[in-house]
Amino acid sequence: MLMSTPRSLALRLETTWNPPTDDKEFSYVLRLKNLSSEPLSGFALCVSGPGRVDPAGIVEGATVTKRLSNFTEFQPPEGFILAGGETWTITVHALSWPFRHWTDGATSAYLALCDGTAVSLATEPTRTSSSNAPLKRGAEIYPVPANPPVPLAIIPWPNRVAVSSRRPLPAGFALKATTPEAQAAAASFTALVEHLFAAEGLVRAETEGAATVVLRQTEGLGPEAYRLEFASESVTVEASTQTGFVYGLVTIGQIWRGARLHPQAFHFPAGGEIVDEPSMSWRGLHLDVSRQFYGTAEIKKLMAVLAWNKLNRFHWHLSDDESWRVEIDAYPALTEIGAWRGHGLPLPPLLGSSPARTGGYYTKAAVREIVAYAKGFGIEILPEIDMPGHCYAMQQAIPELRDPNEVGSYYSVQGFPDNCVNPAREKTYEVIETILSELIELFPFKTIHIGADEVPLGAWSGSPEALARLRELAGDELADAHATRLNVITNTHGADDIHGSGAAILQAEFLERIQAFLASKGCITGGWEEAAHGDRIDKDKSYLCSWRNVEVAAELAGRGYEIVVCPGQVYYLDMAIRPDWDEPGGSWAGYSDAEKIYTFDPVGGWTDAQKEKLRGIQACIWSEPMTDRAVFDRLVFPRLSALAETGWTKPSAKSWERFKALAGTMPLLYGLHQF
């Protein structure tokens with residue numbers, strides 16, 4: 001019975017993390033405070049992550065009645081009434097991992113009422129008994145020194161800089177282009193600076209006092225190379241491609257903005273030249289839009305930020321257990337069901353989403369718009385549809401991807417049950433090939449990433465169809481052993497869980513078939529490093545993103561795989577900057593500040609033969625802690641620029657002191673500085 005209309009009550013949830021001590025185990029304490037004078041009953045408390053409560057563990061003051069990954073429903077004792085002015089306290093002693101940062105705890109909460117409705121709660125960031133420091137949000141400030149090591153503000157630093165004395169700073173620049181490539185670059189660069197720096201007037205008409213920038217088509221330069229020639233009244237950009245022109249213009253824009261914003265530190269040159277091209281061909285960023293949704297405007301702004309850093313690959317993680325984010329005509333249920341989370345929906349509120357129906361997806365028109373916009377800056381976009389694991393949302397929309405006679409459950413490391421599409425079903429290939437065919441039409445780069453990471457050890461162990469196929473592939477002994485793996489919970493990030501197992505054998509056959517289909521359509525297949533299990537995919541038509549460490553990356557390169565290096569302990573930008581509680585972010589892979597990323601050698605210890613298989617490097621943004629966009633800015637910047645300089649600048653020309661002095665001139669996505 002509801003004693004009072006909860007919408008008229010003042011309620012607040014406070015959460016506290018108490019780390020373990022010598023004489024006491026850890027505890028996660030949730031306190032629901034009734035700040036009104038009215039009593040409340042007939043409700044359950046629902047919270048979501050990133051932290052995950054173990055329902056089999058000890059919970060005092062409540063019973064866990066529902067759990068899906070980081071979503072937990074706590075039921076109070078029978079007959080419980082929360083009186084006015086009183087507090088309901090829940091103490092949890094069982095979590096998937098100990099909390100280490102303020103973003104680990106509940107980031108949203110609501111009351112589920114007995115009539116099926118829900119009421120959102122004000123939720124305070126999780127505090128800890130071990131720290132009273134102010135919680136960090138917004139990008140870390142890197143102040144520009146009065147006397148920087150170099151007189152020009154350029155990130156990434158060019159191959160050759162030979163400039164002379166300063167000239168008065170131009171009011172802006174008028175771009176003069178005659179060839180189609182140069183004209184397209186001028187238009188793209190104009191759009192870029194209007195997006196990033198709308199009121200600054202970097203590109204303007206001669207009638208507004210602009211200096212001239214001449215774009216001159218020159219053969220013999222590489223596809224991303226450019227040359228700048230400075231004179232007292234003009235600047236000339238030489239390049240052979242649209243992308244080369246854009247990069248040359250970005251360098252001019254960076255020099256100009258540095259001198260404009262910090263005139264005592266930087267200047268604009270009156271003469272000399274800059275000659276430049278990248279050291280790596282793949283300089284990328286991965287963004288997970290499944291855990292948190294980013295609208296089209298955010299993605300386009302991010303493309304502009306990538307262009308300003310001369311990054312050229314965008315790995316768009318469009319699906320995962322938590323949602324499906326791209327329109328597919330053949331299967332409208334993917335977005336009708338899989339794109340939305342909320343109370344009472346197939347996907348509950350997760351990772352800080354509210355009880356109201358929230359989420360979103362990209363229409364095909366929006367995808368084409370973003371792809372074309374990024375292409376103008378030299379950025380190629382590749383989509384990822386993660387499979388055969390990480391498919392919980394996909395299965396809610398298309399249940400035929402599971403064996404209808406499957407029994408029992410297995411769980412992923414993130415706590416999702418039975419989240420792998422079944423590789424023994426022909427329906428699986430029919431659905432996936434249809435989806436991929438529609439995606440290929442949207443992404444002309446002809447590179448499709450298919451995930452292949454974190455398949456649980458017990459995947460398909462309760463599926464008669466999968467076990468029958470495993471018997472055909474590996475014999476009765478392994479199939480019988482695999483059938484015993486029901487109710488196994490994967491408890492570590494990584495591929496150790498399935499290597500050499502029945503799940504690995506089934507996955508290898510699945511990946512081989514999907515990769516062959518993509519190859520038949522003229523596409524390159526990308527995968528995380530687990531796609532190498534069984535060595536079944538065609539190495540000449542695929543590449544791997546190696547995310548554990550450079551030793552694993554080197555070993556895979558030695559086996560003949562082309563590698564994009566993105567180790568979690570360095571290049572995962574969702575990991576916290578440092579281990580302090582007041583910092584946001586994750587911790588399972590470690591910590592990396594901008595200096596660690598900048599000085600990290602992505603091919604340390606590799607042989608020359610292994611280096612021949614290096615495609616490049618990539619930062620990865622996983623979005624679990626990104627409910628708060630000020631957290632995004634803090635975790636991504638300036639670490640993204642540190643990676644960009646590693647991908648562009650020759651190792652012998654890198655300088656942390658120089659980079660640190662210039663980092664404060666680079667744009668943020670949301671413009672939120674530390675507060």
Enquirer: Give, for atom CH2 of Trp656 and atom CD of Glu595, the distance between the pair rounded to the nearest 0.5 Å.
Expert: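 Spacing of CH2 (Trp656) from CD (Glu595) equals 5.0 Å.
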Enquirer: Please tell me if the side chains of Leu436 and Ile448 come closer than 4.5 Å, counting only heavy atoms from C-beta onward.
Expert: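 Touching, per the 4.5 Å side-chain cut-off.
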Enquirer: Step by step, would you call Asp276 with Trp648 a side chain to side chain donor-acceptor pair (under 3.5 Å)?
Expert: CA-CA 9 Å; Asp276 201 12; Trp648 184 283; 2.9 Å; yes
Enquirer: So for atom CG, which belongs to Asp329, do other residues, nucleotides or ligands contribute more than 12 heavy atoms lying within a distance under 6.0 Å?
Expert: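 More than 12 within 6.0 Å, yes.
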Enquirer: Are any non-hydrogen side-chain atoms of Ile255 and Val163 less than 4.5 angstrom apart?
Expert: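 Of all side-chain heavy-atom pairs linking Val163 with Ile255, none is under 4.5 Å.
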Enquirer: Decide side chain to side chain contact (heavy atoms under 4.5 Å, CB included) for Leu439 and Ile385; before the verdict, give the C-alpha distance in whole Å, the side-chain angles of both, and the deciding distance to 0.1 Å.
Expert: CA-CA 10 Å; Leu439 283 179; Ile385 300 299; 3.3 Å; yes
Enquirer: Side-chain donor-acceptor pair under 3.5 Å between Asp386 and Ser319, yes or no?
Expert: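 Result is no, nothing qualifies.
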Enquirer: Flag the pair Glu224 and Lys310 as a salt bridge only when some basic side-chain nitrogen lies within less than 4.0 angstrom of an acidic carboxylate oxygen.
Expert: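 No.
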Enquirer: Could you tell me if the side chain of Glu219 sits less than 4.5 Å from the side chain of Leu221, heavy atoms only?
Expert: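 Leu221 does not reach Glu219 side chain to side chain.
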Enquirer: Got a sec: does the NZ of Lys521 have more than 12 other heavy atoms crowding it under 6.0 Å?
Expert: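 Incorrect, the count does not exceed 12.
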Enquirer: Are His195 and Phe377 close enough that their ring centres sit under 6.0 Å apart?
Expert: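 No.
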Enquirer: Checking Gln292 against Thr627 for the side chain to side chain donor-acceptor pair (under 3.5 Å) test, could you report, in this order, the C-alpha distance in whole Å, the side-chain angles of both residues, the deciding distance, and whether it holds?
Expert: CA-CA 7 Å; Gln292 309 290 349; Thr627 307; 3.1 Å; yes
Enquirer: Donor-acceptor pair, Arg313 side chain versus Gly284 backbone, under 3.5 Å?
Expert: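 Not confirmed, Arg313 side chain does not pair with Gly284 backbone.
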Enquirer: Would a distance-only check, ignoring hydrogens and angles, find a side-chain to backbone donor-acceptor pair under 3.5 Å from Arg639 to Leu573?
Expert: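 Checking the backbone N and O of Leu573 against the side chain of Arg639, a donor-acceptor pair under 3.5 Å is found.
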Enquirer: With a 6.0 Å cut-off on ring centres, are Phe173 and Phe268 close enough?
Expert: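 Yes: the rings meet the under 6.0 Å criterion.
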Enquirer: Specify whether Phe314 and Trp316 have parallel, tilted or perpendicular ring planes, treating 30° as the upper limit for parallel and 60° as the lower limit for perpendicular.
Expert: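 The rings of Phe314 and Trp316 sit tilted, inter-plane angle from 30° to 60°.
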Enquirer: Between Trp324 and Val326 (side chain of the first, backbone of the second, donor and acceptor by atom type, cut-off under 3.5 Å), is there such a pair?
Expert: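 Present.
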Enquirer: Taking the side chain from Asn312 and the backbone from Arg283, do they hold a donor-acceptor pair closer than 3.5 Å?
Expert: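 Yes, the answer is positive, given that a donor and an acceptor are paired below the 3.5 Å cut-off.
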Enquirer: Between Phe659 and Tyr598 (judged by ring centroids, cut-off 6.0 Å), do the two rings come close enough to count as a pair?
Expert: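 Yes: the rings meet the under 6.0 Å criterion.
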Enquirer: Under the criterion side chain to side chain contact (heavy atoms under 4.5 Å, CB included), which of Leu249, Val250, Leu202 is the partner of Val193?
Expert: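 Among the candidates, only Leu202 passes.
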Enquirer: Ignoring hydrogens and angles, state whether a donor on the side chain of Ser655 or Lys660 is under 3.5 Å from an acceptor on the partner side chain.
Expert: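 No donor-acceptor contact under 3.5 Å links the two side chains.
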Enquirer: Are any of the side-chain heavy atoms of Leu175 and Val237 separated by less than 4.5 Å?
Expert: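 In short, these two side chains do not touch, never coming nearer than 4.5 Å.
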Enquirer: Determine the minimum heavy-atom distance between Phe266 and Ala661, stating which atoms define it.
Expert: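 Heavy-atom minimum between the residues: CZ-O, 4.3 Å.
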Enquirer: What heavy-atom pair brings Arg167 and Ala270 nearest, and what distance separates the two atoms?
Expert: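 Looking at all heavy atoms of both residues, the shortest contact is CB-CB, 3.8 Å.
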Enquirer: Which residues pass the side chain to side chain contact (heavy atoms under 4.5 Å, CB included) test with Glu277, sequence neighbours left out?
Expert: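 In terms of side chain to side chain contact (heavy atoms under 4.5 Å, CB included), with neighbours along the sequence ignored, Glu277 is linked to Asn159, Ala225.
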Enquirer: For residues 205-213, which side-chain donor-acceptor pairs fall under 3.5 Å, sequence neighbours excluded?
Expert:
from   : atom 1 : to     : atom 2 : distance (Å)
Glu206 : OE2    : Thr212 : OG1    : 3.4

Enquirer: Examine the side chains of Lys541 and Thr525 and answer whether a donor and an acceptor come within less than 3.5 Å of each other.
Expert: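 No, no side-chain donor-acceptor pair sits under 3.5 Å.
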Enquirer: Could you tell me if His449 and Tyr543 have a donor-acceptor pair between their side chains, going purely by distance under 3.5 Å?
Expert: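 No donor-acceptor contact under 3.5 Å links the two side chains.
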Enquirer: Find the distance between OG (Ser641) and CD1 (Ile155) and round it off to the nearest 0.5 Å.
Expert: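 The distance works out to 5.5 Å.
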Enquirer: Can you list, pair by pair, the side-chain donor-acceptor contacts under 3.5 Å of residues 300-308, counting residues two or more places apart and other chains?
Expert:
from   : atom 1 : to     : atom 2 : distance (Å)
Lys300 : NZ     : Glu369 : OE2    : 2.8
Lys301 : NZ     : Leu669 : O      : 2.7

Enquirer: Asp288: which residues meet the side chain to side chain contact (heavy atoms under 4.5 Å, CB included) condition with it, sequence neighbours left out?
Expert: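 By the side chain to side chain contact (heavy atoms under 4.5 Å, CB included) rule, Asp288 matches His286, Ser290, Arg291, His317, Trp622, Ser623, Glu624.
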Enquirer: For the pair Gln610 (side chain) and Ala554 (backbone), establish whether a donor and an acceptor sit closer than 3.5 Å, ignoring hydrogens and angles.
Expert: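 A pair under 3.5 Å: yes.
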Enquirer: With a 4.5 Å cut-off on side-chain heavy atoms, are Leu668 and Tyr670 touching?
Expert: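 No. Closest side-chain heavy atoms not under 4.5 Å.
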Enquirer: For Ala339, is there any backbone N or O sitting under 3.5 Å from a side-chain donor or acceptor partner on Arg325?
Expert: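 Side chain of Arg325 to backbone of Ala339, a donor-acceptor pair under 3.5 Å: yes, one is there.
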Enquirer: Would you find a donor on one side and an acceptor on the other, under 3.5 Å apart, between the side chain of Gln515 and the backbone of Asp538?
Expert: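 Pair found, side chain donor or acceptor close to backbone of Asp538.
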Enquirer: Looking at CD1 of Ile597 and CG of Leu640, how far apart are the two atoms once the value is rounded to the nearest 0.5 Å?
Expert: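 Ile597 atom CD1 to Leu640 atom CG measures 8.5 Å (nearest 0.5 Å).
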Enquirer: Is Asp580 reaching over with its side chain to a backbone N or O of Asp582, donor-acceptor style, under 3.5 angstrom?
Expert: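 Flag not set: sc Asp580 to bb Asp582 has no pair under 3.5 Å.
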Enquirer: If every non-hydrogen atom of Ile524 is compared with every non-hydrogen atom of Ser542, which pair is closest and at what distance?
Expert: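 Nearest pair, atom of Ile524 first, then Ser542: CG2-CA, 4.0 Å.
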Enquirer: Within a 6.0 Å radius of atom NZ on Lys364, are there more than 12 heavy atoms belonging to other residues, nucleotides or ligands?
Expert: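 Check passes, neighbour count above 12.
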Enquirer: Quick check against the 3.5 Å criterion: does Thr103 have a side-chain atom that pairs as donor or acceptor with the backbone of Pro584?
Expert: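 Here the side-chain-to-backbone pair does not exist.
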Enquirer: Assess, by modelled atom type and distance only, whether the side chains of Thr363 and Glu327 contain a donor and an acceptor separated by less than 3.5 Å.
Expert: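 Their side chains do not contain a donor-acceptor pair, so the 3.5 Å distance test is not met.
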Enquirer: Over all heavy atoms of both residues, which pair between Gly244 and Ala239 is shortest? Give the atoms and the distance, please.
Expert: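 Residues Gly244 and Ala239, closest heavy atoms: C-CB, 3.5 Å.
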Enquirer: Could you walk me through whether Arg216 and Thr218 pass the side chain to side chain donor-acceptor pair (under 3.5 Å) test, one step at a time?
Expert: CA-CA 6 Å; Arg216 180 187 299 156; Thr218 304; 5.7 Å; no
Enquirer: Do any N or O atoms from the side chain of Thr649 and from the backbone of Trp157 form a donor-acceptor pair under 3.5 angstrom?
Expert: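 Answer holds: yes.
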Enquirer: Take a 6.0 Å sphere around NZ of Lys446 and say whether it holds more than 12 heavy atoms from other residues, nucleotides or ligands.
Expert: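 Yes.
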Enquirer: Using the side chain to side chain donor-acceptor pair (under 3.5 Å) rule, collect all pairs that involve residues 254-267, keeping only residues at least two apart or in two chains.
Expert: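 As it turns out, the side chain to side chain donor-acceptor pair (under 3.5 Å) pairs with a partner in residues 254-267, which skip direct neighbours, are Glu200-Arg257.
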Enquirer: Between Arg137 and Asp628, is there a side-chain N and carboxylate O pair less than 4.0 Å apart?
Expert: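 Salt bridge flag = yes for Asp628 with Arg137.
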Enquirer: Do Thr251 and Tyr226 pair up side chain to side chain, a donor and an acceptor below 3.5 Å, judged on atom types alone?
Expert: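 Short answer, yes.
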Enquirer: Are Trp547 and His315 close enough that their ring centers fall under 6.0 Å?
Expert: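 No.
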Enquirer: For Ala642 and Ala594, work out which heavy atoms get closest and say how close.
Expert: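 Reported closest heavy-atom pair: CB-O, 3.7 Å.
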Enquirer: Counting only heavy atoms not in Lys375, do more than 12 sit closer than 6.0 Å to its NZ atom?
Expert: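 For Lys375, atom NZ is not crowded (no more than 12 foreign heavy atoms under 6.0 Å).
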Enquirer: Are any of the side-chain heavy atoms of Glu298 and Arg629 separated by less than 4.5 Å?
Expert: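 Glu298 vs Arg629: side chains touch.
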Enquirer: Suppose the criterion is side chain to side chain donor-acceptor pair (under 3.5 Å): which pairs have a residue in residues 562-572, not counting sequence neighbours?
Expert: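 Listed by first then second residue: Glu562-Arg615.
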Enquirer: Looking at CH2 of Trp282 and SG of Cys545, how far apart are the two atoms once the value is rounded to the nearest 0.5 Å?
Expert: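 Between Trp282 CH2 and Cys545 SG, I get 6.5 Å after rounding to 0.5 Å.
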Enquirer: State, with a plain yes or no, whether a side-chain heavy atom of Val275 is found less than 4.5 Å away from one of Glu273.
Expert: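 Yes, side chains in contact.
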Enquirer: Does the side chain of Phe443 reach to within under 4.5 Å of the side chain of Ile381, using non-hydrogen atoms?
Expert: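 Side chain of Phe443 against side chain of Ile381, heavy atoms only: contact under 4.5 Å found.
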